[in-house]
Amino acid sequence: QVQLVESGGGLVQAGGSLRLSCAASRNIFSISNLAWYRQAPGKQRELVAVMTAGGTTNYAASVKGRFTISRDNAKNMVYLQMNSLKPEDTAVYYCNLQDPSGSYWGQGTQVTVSS
């Protein structure tokens, strides 16, 4: 089992930036796929960014060029740098980790972008 804890959310003006962090309780990144999802009220959970164990990244079209997923294996951390934020980015953001033993989720962190 692994525990994930997100932080870094908050209220920001459109055009601003936030950096979300996800702390894992142990180092399993070498065999893990990492991802950020988001969910707005009344909407389905949406995949935002993914990084494979090998370091390959991919992004939802809506955030391509604005968001960057990264990891720090030594610190058991995964990050989501969010630039040029838009009101439609408002959602609860969740860190997700997948390894051979299962899929794990953090509790989420709220991001609110004001226009």
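Computed over heavy atoms, backbone and side chain alike; hydrogens, waters and symmetry mates excluded. Computed from a prediction, not measured in an experiment: that's the story for all the values here.
With rounding to the nearest 0.5 Å, the separation of CD in Glu6 from CG in Asn96 is 9.5 Å. To the nearest 0.5 Å, atom CZ of residue Phe67 and atom CZ of residue Arg38 are 5.5 Å apart. The distance from atom OG of Ser103 to atom CD of Gln98, rounded to the nearest 0.5 Å, is 4.5 Å. In this structure, CE on Met82 lies 11.5 Å from CZ on Arg19, to the nearest 0.5 angstrom. With values rounded to the nearest 0.5 angstrom, Ser62 atom OG is found 7.0 Å from Asp89 atom CG.
Between the side chain of Asn73 and the main chain of Asn76, no donor-acceptor pair closer than 3.5 Å is present. Between the side chain of Tyr79 and the backbone N or O of Thr68 there is no donor-acceptor pair closer than 3.5 Å. Counting only distance, with no hydrogens or angles, the side chain of Asn33 and the backbone of Ala53 share a donor-acceptor pair below 3.5 Å.
Contact detail for Val113 and Thr90: the closest heavy-atom pair is N-OG1, 2.9 Å. Between Ser101 and Tyr104, the shortest heavy-atom contact is OG-OH, 2.7 Å. Taking both residues in full, the closest heavy atoms of Tyr94 and Gln107 are given as CE2-O, 3.5 Å, listed atom of the first, atom of the second, then distance. Looking at every heavy atom in both residues, Pro87 comes nearest to Ser115 through CG-CB, 3.8 Å. Taking every heavy atom of both residues into account, Leu80 and Ala49 meet most closely at CD1-CB, 4.1 Å. Of all heavy-atom pairs spanning Arg71 and Gly55, the tightest one is NH2-N, 3.9 Å.
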- Task: Take Leu47 and Tyr37 through the side-chain contact (heavy atoms from CB on, under 4.5 Å) test and state the conclusion after the steps.
- Result: CA-CA 4 Å; Leu47 177 63; Tyr37 289 78; 3.5 Å; yes
- Message: Applying side-chain contact (heavy atoms from CB on, under 4.5 Å) to Arg66 and Tyr59, what does each step give before you reach the verdict?
- Response: CA-CA 10 Å; Arg66 300 188 296 121; Tyr59 300 90; over 6 Å; no
- Query: Under the side-chain contact (heavy atoms from CB on, under 4.5 Å) criterion, do Ser17 and Asn83 qualify, and how do the steps go?
  - Reply: CA-CA 4 Å; Ser17 297; Asn83 298 326; 2.9 Å; yes
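Here the options are Ser21, Ser32, Cys95, Ser70, the test is side chain to side chain contact (heavy atoms under 4.5 Å, CB included), and the partner is Val78; only Cys95 passes.
Every residue meeting the side-chain hydrogen bond (donor to acceptor under 3.5 Å, both in side chains) condition with Gln110, not counting sequence neighbours, appears here in chain and number order: Thr112. Listed by chain and residue number, nothing satisfies the salt bridge (charged side-chain N to carboxylate O under 4.0 Å, His left out) test with Glu88 (two or more places apart in sequence, or in another chain).
Note on Tyr93: it clusters hydrophobically with Val12, by side-chain heavy-atom contacts below 4.5 Å among ILVMFWY residues.
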